[in-house]
K.L.:
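The structure under discussion is supplied below as structure tokens; questions concerning it will follow.
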Amino acid sequence: MNFKLKSPFQPTGDQPRAVRSLTDGLEKGLKSQVLLGVTGSGKTFTMAKVIEKLNKPTLIISHNKTLAAQLYQEFHEFFPENAVSYFVSYYDFYQPEAYIPRSDTYIEKETEINEEIDKLRLSATTNLLTRADTIVVASVSCIYSLGNPEEYGKFVLELACGAVISREAIFMRLVDLQYQRSDFGFHRSTFRVRGENIDVFLAYEPYALRIKNNGQKIISIKKIDPLTGKVLEEKEKEVIYPAKHYLSETFSQEDIFKEIQRDLEKRCQEFKKDDKLLESHRLNQKVNFDLEMIREMGYVNGIENYSRYFDGRKPGDPPYTLLDYFNKPYGQDWLLIIDESHISVPQIRGMYNGDRSRKQVLCDYGFRLPSALDNRPLRFEEFLTRIPRTVFISATPADWEIRQASESAGKKGLPGNGIAEQLIRPTGITDPKIQIRPTKGQIIDLVSEILERKKRNERVLVTTLTKRMAEDLADYIKTEKYRDLEKFKNITDAEAPLAAYLHSDIETLERSDILDDLRAGKYDCLIGINLLREGLDLPEVSLVAILDADKEGFLRSETSLIQTMGRAARHIEGRVIMYADNITGSMQRAISEIDRRRRIQKEYNQKNKITATQIVKPIRAKLVEKKEEKDNLENLFLQKKEKLDKFISLDPDELTPFDLRKLANRLEHEMKKAAAALDFELAASIRDKIREIKTRLGEKI
């Protein structure tokens with residue numbers, strides 16, 4: 001099936017030129033190209049047109065889950081008849097397995113898996129193996145270890161009406177595919193039996209299958225609503241794919257287990273030779289327990305640490321990842337798009353080393369076999385060998401992407417530098433005007449600006465340098481403490497603005513909800529640090545305020561400032577206020593670039609007699625609907641007490657300053673949750689620990 005783009009719009013401005021340039025380059029075999037497009041210029045629509053023209057399976061990588069969710073929704077609207085999938089880390093909470101040697105503290109792996117995201121991940125891999133008209137929108141987690149696509153493809157249950165197969169054979173195959181029998185609690189990845197009917201709630205679809213079998217053959221196959229049992233569709237054939245990615249037919253073959261046992265014995269001998277008897281005993285106990293679980297159940301928590309054996313890889317070989325689910329069926333005949341490449345590429349480059357350092361400690365102290373090191377993300381050079389033709393998208397592409405595009409064009413002997421520039425917005429809106437104001441009295445001035453925007457039903461984004469400042473500023477506005485000042489005493493309740501903050505401690509799907517609430521007017525102002533930079537589609541935002549703009553550094557670099565200012569470029573009255581006492585080099589370069597783009601845009605509008613029009617976009621349906629909480633805050637928190645006790649008992653002298661700050665931030669988050677659960681005793685204990693840590697760091701409490 002071909003990609004069919006559904007949109008009421010046609011390419012305008014410099015979109016046609018960008019589409020033509022990128023498509024020609026891809027068809028001529030350019031390995032790398034760059035789309036330099038300003039905020040609101042329709043980069044997503046441009047890429048949708050490129051995908052339609054090229055007609056190849058496509059992977060789109062975004063650097064964070066919030067933007068990935070936004071892209072998924074946009075491409076789902078553009079290609080309603082095609083398979084658009086979403087692939088991000090399925091953890092709402094992730095505490096990796098770790099060991100701190102100095103204090104002899106072992107931190108067990110703890111996760112809270114979002115079942116809905118897990119379903120979408122499985123749907124993505126299933127689509128890739130079954131249909132070519134697939135677009136996968138993924139976060140950078142797509143370069144992490146995943147099960148072998150060949151084995152995943154083999155593990156299927158093919159069903160057809162009239163096929164001769166016993167009920168017991170269906171049961172056994174479903175168990176092989178990691179579906180669990182649950183006659184009373186029917187949920188995703190389970191099956192139940194009702195007389196002649198076998199109901200299977202698919203792991204990767206919102207519906208279930210009802211297989212009617214008389215004991216000898218299949219009588220009928222129906223798609224049903226898993227809640228009501230209503231028949232949705234009659235099926236002649238159906239293929240059921242696995243409920244998990246880590247599967248292998250070799251589980252039944254003892255040679256795999258013998259290889260693990262050989263490596264275990266070898267490693268234990270090494271420990272004993274070095275007089276590390278505790279490490280030897282610990283490793284022997286853990287591995288034998290895991291192998292017994294795999295023999296009996298076919299799965300164990302942490303099975304990914306043995307993935308090298310089940311995948312048939314040699315020590316040091318790269319893992320299978322989502323890229324292999326593209327390369328297996330399509331070779332290099334697919335398209336990769338890296339969105340906000342100036343952030344995404346460095347993330348991909350840095351993942352391997354961080355993962356390696358943690359796991360090396362686990363291996364050195366007998367918590368894991370050395371093979372666990374092969375359950376890892378790809379090294380950057382491995383990533384580069386696995387990707388096909390690539391388009392890097394950014395309003396501020398880094399030197400590396402520009403160099404890759406230029407070299408690709410040079411190798412093919414093509415004119416130009418492989419960069420397609422897209423500066424004109426279809427709406428005629430220009431880049432925002434910029435003002436610089438002193439930091440003295442910046443909060444009071446900011447509140448005045450927010451109040452002014454609220455009167456016009458417009459929204460405001462504010463960026464701070466720290467999470468604490470973002471939370472404190474949101475609290476200051478929400479609690480209306482500014483009313484103590486004479487200037488604001490006459491404000492009515494209807495005029496008072498509502499504020500929220502957004503940072504990395506907020507769960508993945510909740511971030512999208514907060515952004516939707518901002519657009520809907522539940523909040524007038526959103527305050528954050530780095531999550532308010534790239535890609536957010538918020539046409540109601542007319543003002544971006546940058547606090548402490550002259551604090552030179554990563555958060556106030558040229559790239560960061562340009563990206564942040566771009567959030568105001570979707571509103572016809574877009575403005576940027578930079579609170580600063582000095583003009584840094586980064587500020588000057590960012591302002592100059594915005595002025596250059598604004599000049600080009602105004603000249604284009606005048607030449608083509610275009611009058612700017614405000615963007616009006618409906619708020620999309622949520623990617624995953626919120627579920628009712630099954631437990632209250634107190635019960636949820638009590639489940640984590642044992643883990644928190646481990647954190648509280650850590651000795652600050654045993655940690656680096658970086659780890660101390662990270663621990664303090666984590667404990668502050670948990671302290672607030674404890675207080676919300678009315679567990680004030682535990683909250684006080686955590687508070688005391690935070691004070692101890694900050695005293696060691698020499699910070700004010």
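What you see is a predicted model, and the numbers here were worked out from it, not measured in a lab.
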K.L.:
Treating S307 as the side-chain partner and N375 as the backbone partner, does any N or O pair qualify as donor plus acceptor under 3.5 Å?
P.N.:
no
K.L.:
Do the rings of Y72 and H76 sit parallel, tilted or perpendicular, given the 30° and 60° boundaries?
P.N.:
tilted
K.L.:
Is a side-chain donor or acceptor of S103 paired with a backbone partner of P101 at a separation under 3.5 angstrom?
P.N.:
no
K.L.:
Under a 4.0 Å threshold between the charged nitrogen and the carboxylate oxygen, would D199 count as salt-bridged to R210?
P.N.:
yes
K.L.:
Could you give the distance from CD1 (I256) to CG (L291), rounded to the nearest 0.5 Å?
P.N.:
11.0 Å
K.L.:
Hey, does T125 have a side-chain heavy atom less than 4.5 Å from the side chain of V136?
P.N.:
no
K.L.:
Taking atom OH of Y207 and atom NZ of K222, what is their separation to the nearest 0.5 Å?
P.N.:
16.0 Å
K.L.:
Side chain of R313, backbone of D317: donor and acceptor closer than 3.5 Å?
P.N.:
yes
K.L.:
Got a sec: does the NZ of K212 have more than 12 other heavy atoms crowding it under 6.0 Å?
P.N.:
no
K.L.:
Within the 4.5 Å heavy-atom criterion, are P242 and Q178 side-chain neighbours or not?
P.N.:
no
K.L.:
Donor-acceptor pair, R376 side chain versus M351 backbone, under 3.5 Å?
P.N.:
no
K.L.:
State whether the side chain of D183 and the backbone N or O of V193 hold a donor-acceptor pair below 3.5 Å, judged by distance alone.
P.N.:
yes
K.L.:
Is the Y106 to Y99 ring centre distance short of 6.0 Å?
P.N.:
no
K.L.:
So, for A243 and L122, which heavy atoms are closest and what is the spacing to 0.1 Å?
P.N.:
O-CD1, 3.3 Å
K.L.:
Look at D263 together with K266 and state whether they make a salt bridge at an N to O cut-off of under 4.0 Å.
P.N.:
no
K.L.:
Compare all side-chain heavy atoms of L283 with those of L264 and state whether any distance is below 4.5 angstrom.
P.N.:
yes
K.L.:
Mind checking whether L157 and E238 have side chains closer than 4.5 Å, heavy atoms only?
P.N.:
no
K.L.:
Is the closest side-chain donor-acceptor distance between N213 and E196 under 3.5 Å?
P.N.:
no
K.L.:
Measure the acute angle between the ring planes of F186 and F201, then classify it against the limits of 30° and 60° as parallel, tilted or perpendicular.
P.N.:
tilted
K.L.:
Where does the angle between the aromatic ring planes of F326 and Y330 fall among parallel (under 30°), tilted (30 to 60°) and perpendicular (over 60°)?
P.N.:
tilted
K.L.:
Testing the 3.5 Å rule here: is there a donor-acceptor pair between the side chains of S85 and N127?
P.N.:
yes
K.L.:
For the residue pair S280 and C268, what are the closest heavy atoms and their distance?
P.N.:
OG-CB, 3.4 Å
K.L.:
With distance as the sole test, does N288 use its side chain to make a donor-acceptor pair with the main-chain N or O of N284 at under 3.5 Å?
P.N.:
yes
K.L.:
Step through the shown structure and confirm whether more than 12 heavy atoms of other residues, nucleotides or ligands are within 6.0 Å of NZ on K119.
P.N.:
yes
K.L.:
What's the separation between atom OH in Y325 and atom CZ in F87, rounded to the nearest 0.5 Å?
P.N.:
8.0 Å
K.L.:
Any chance you could measure R282, atom CZ, to L277, atom CG, to the nearest 0.5 Å?
P.N.:
12.0 Å
K.L.:
When you measure from the centre of the six-membered ring of Y86, is the NZ or CZ of R121 closer than 6.0 Å and no more than 45° off the axis?
P.N.:
no
K.L.:
Under the side chain to side chain donor-acceptor pair (under 3.5 Å) rule, collect the residues that match up with K276, sequence neighbours excluded.
P.N.:
none
K.L.:
Look at the side chain of R192 and the backbone N and O of R181, then say whether any donor-acceptor pair between them is shorter than 3.5 Å.
P.N.:
no
K.L.:
Mark yes or no for whether S182, through its side chain, and G185, through its backbone, hold a donor-acceptor pair below 3.5 Å.
P.N.:
yes
K.L.:
Salt-bridged, E97 to R358, with N to O below 4.0 Å?
P.N.:
no
K.L.:
Check whether D324 reaches the backbone of T321 with its side chain - one donor and one acceptor, N or O, closer than 3.5 Å.
P.N.:
yes
K.L.:
Looking at every heavy atom in both K56 and L335, which two are closest together, and how far apart are they?
P.N.:
CB-N, 4.5 Å
K.L.:
Any Lys/Arg nitrogen of R262 or E259 sitting under 4.0 Å from an Asp/Glu carboxylate oxygen of the other?
P.N.:
no
K.L.:
So with a 6.0 Å cut-off around NE2 of H187, is the heavy-atom count from everything else above 12?
P.N.:
yes
K.L.:
Tell me whether E270 is salt-bridged to R267, with the criterion being a basic N under 4.0 Å from an acidic carboxylate O.
P.N.:
yes
K.L.:
Classify the angle between the aromatic ring planes of Y204 and Y241 as parallel (below 30°), tilted (30 to 60°) or perpendicular (above 60°).
P.N.:
perpendicular
K.L.:
Counting only heavy atoms not in K286, do more than 12 fall under 6.0 Å of its NZ?
P.N.:
yes
K.L.:
How far does CD1 of I337 sit from CD1 of I60, to the nearest 0.5 angstrom?
P.N.:
4.5 Å
K.L.:
For the CD1 atom of I260 and the CD atom of E265, what is their distance to the nearest 0.5 Å?
P.N.:
12.5 Å
K.L.:
Which pair of heavy atoms, one from V137 and one from A68, lies closest together, and at what distance?
P.N.:
CG1-O, 3.3 Å
K.L.:
Mark yes when over 12 heavy atoms from residues, nucleotides or ligands other than Q180 sit less than 6.0 Å from its CD; otherwise mark no.
P.N.:
no
K.L.:
Would you call R295 and D290 a salt bridge, using N to O less than 4.0 angstrom?
P.N.:
no
K.L.:
Whether D333 and R389 form a salt bridge (side-chain N of Lys/Arg under 4.0 Å from carboxylate O of Asp/Glu) is what I want to check.
P.N.:
yes
K.L.:
Salt bridge check, E382 against R379: does any charged N sit closer than 4.0 Å to a carboxylate O?
P.N.:
yes
K.L.:
So do L323 and L59 actually touch side chain to side chain, heavy atoms under 4.5 Å?
P.N.:
yes
